[in-house]
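Let me begin by presenting the structure, written as structure tokens, before commenting on it.
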Amino acid sequence: MDVFEALATRRSLRGFRPDPVPRASLERILSAAARAPSGSNIQPWRVRVTQGAEKARLSAEVRAAHDAGATVKRDYEYYPTIWREPYLARRRKVGWGLYALAGVARGDAAAGHAQRARNFDFFGAPVGLFFTIDRDLNQGSWLDYGMFLQSIMLAARGLGLDSCAQAAWCDHHDVVRRVLGLADDQALVCGMSLGFADPDEPTNRLETERAPLADFVTFGPEA
């Protein structure tokens, strides 16, 4: 598919088939994504791939921590510390839409907890990716990192794969660090599930909206 189709069809899916992803496909995706731009070409990304028994062990340990409520302070603040509009309304709309498809009623804390726990099973995906960055790098490198992550997800679409970038893992970066042997000088940016979409997963029907150009673009007088 061309880049416009990849952009249009990239979605955060929450249901994958167990079909394995060939090592050659992973290498092709990551090699292509490594062409993402970075300031002075410093390429600040590091990737840890997990599959099979190791991935299953990680899932079990993080799910146990999740069930026990044993979160830790994230390596960085992903979301605003104080929510305001228009961001609050957007967050609520996508959250309520996802939970409705998952059959989670508003106020059902137990069902919400169980749905969130699916993050830690990689939503059934056969491949888990974890992304870290040197702690002493600054905001510019984090901007570069976002372009790298987007490149991975678009390259995956080019091979007929889907993905879900997951900040939820950051609440348990201590367990992720221990199981995967990540160095302490690396901050966990996020995890990612990667695989083939499960067409029978209800939450995969979620369609998120995007604001019209008029809401975020200002054209100059000669544009």
Side-chain angles (χ1 to χ4, degrees), residues 1 4-21 29 50-51 55-56 58-60 62-69 71 74 78-80 83-131 146 149-150 152-172 176 189-212 215-216:
M1 64 180 68
F4 287 97
E5 184 179 356
L7 283 163
T9 61
R10 185 221 57 83
R11 295 183 297 145
S12 296
L13 296 192
R14 293 170 177 84
F16 296 85
R17 305 198 311 266
D19 311 49
V21 177
I29 289 167
T50 186
Q51 295 172 278
K55 183 171 74 71
L58 176 62
S59 289
V62 174
R63 283 199 68 149
H66 172 70
D67 289 341
T71 60
R74 295 184 176 191
Y78 187 97
Y79 289 111
W83 285 92
R84 60 177 176 81
E85 299 302 346
Y87 312 114
L88 180 60
R90 291 172 181 171
R91 184 191 196 201
R92 284 175 170 167
K93 183 168 186 176
V94 72
W96 289 337
L98 174 66
Y99 274 32
L101 289 170
V104 178
R106 295 189 191 184
D108 189 340
H113 179 89
Q115 175 63 27
R116 182 172 173 78
R118 296 186 62 222
N119 277 279
F120 309 124
D121 288 330
F122 298 92
F123 300 111
V127 178
L129 304 172
F130 288 89
F131 303 93
L149 293 171
Q150 172 80 330
I152 288 174
M153 293 184 280
L154 294 180
R157 289 299 304 129
L159 296 184
L161 294 158
D162 283 285
S163 61
C164 185
Q166 300 163 270
W169 291 98
C170 296
D171 288 335
H172 305 284
V176 175
V189 177
C190 67
M192 183 183 292
S193 297
L194 181 71
F196 297 96
D198 179 358
D200 297 324
E201 168 57 44
T203 60
N204 285 347
R205 298 198 301 269
L206 179 69
E207 295 286 348
T208 56
E209 297 178 351
R210 294 297 184 270
D215 283 8
F216 63 92

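These numbers come from a predicted model, not from an experiment.
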Distance-only, no hydrogens or angles: does the [X] side chain make a donor-acceptor pair with backbone N or O of [Y] under 3.5 Å?
| X | Y | answer |
| --- | --- | --- |
| S59 | F120 | yes |
| R11 | N204 | yes |
| Q51 | K55 | no |
| R14 | S12 | yes |
| D108 | A111 | yes |

Applying side chain to side chain contact (heavy atoms under 4.5 Å, CB included) to L161 and I29, what does each step give before you reach the verdict? CA-CA 10 Å; L161 294 158; I29 289 167; 3.7 Å; yes
Carboxylate-amine/guanidinium proximity below 4.0 Å for [X] and [Y]:
| X | Y | result |
| --- | --- | --- |
| E209 | K93 | yes |
| D171 | R74 | yes |
| E201 | R118 | yes |

Smallest separation among heavy atoms of [X] and [Y], with atom names:
| X | Y | answer |
| --- | --- | --- |
| R90 | A211 | NH2-CB, 3.9 Å |
| A125 | G195 | CB-N, 4.5 Å |
| Q166 | C190 | O-CB, 3.5 Å |
| F196 | V21 | CE1-CG2, 4.1 Å |

Going by the ring-ring contact (aromatic ring centres under 6.0 Å, His included) test, name the single residue among F122, F131, Y78 that passes it with W169.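 So the option named by the test is F122.
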Spacing of [X] atom [atom1] and [Y] atom [atom2] [to the nearest 0.5 Å]:
| X | Y | atom1 | atom2 | value |
| --- | --- | --- | --- | --- |
| L154 | M1 | CG | CE | 10.0 Å |
| W96 | R106 | CH2 | CZ | 4.5 Å |
| T9 | R157 | OG1 | CZ | 3.5 Å |

Walk me through it: do L206 and L13 pass the test side chain to side chain contact (heavy atoms under 4.5 Å, CB included)? CA-CA 8 Å; L206 179 69; L13 296 192; over 6 Å; no
Validation row: [X], [Y] side chains within 4.5 angstrom (heavy atoms):
| X | Y | value |
| --- | --- | --- |
| Q150 | L7 | yes |
| C164 | M192 | no |
| P18 | P126 | no |

I want to check a possible cation-pi pair here: R92 against Y87, using under 6.0 Å from ring centre and within 45° of the ring axis as the test.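 Pair R92/Y87 does not count as cation-pi.
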Do T208 and R210 have a side chain donor and acceptor closer than 3.5 Å?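 Yes, R210 and T208 have a side-chain donor paired with an acceptor closer than 3.5 Å.
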H66 side chain to N119 side chain, donor-acceptor N/O pair below 3.5 angstrom: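 No, no side-chain donor-acceptor contact under 3.5 Å.
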Hey, mind stepping through D198 and F123 against side chain to side chain contact (heavy atoms under 4.5 Å, CB included) and telling me if it holds? CA-CA 10 Å; D198 179 358; F123 300 111; over 6 Å; no
Begin with the C-alpha distance, continue with both residues' side-chain angles, and end with the deciding distance and a verdict on side chain to side chain contact (heavy atoms under 4.5 Å, CB included) for L58 and F130. CA-CA 12 Å; L58 176 62; F130 288 89; 3.6 Å; yes
Flag if over 12 foreign heavy atoms under 6.0 Å of CZ, F4: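 Incorrect, the count does not exceed 12.
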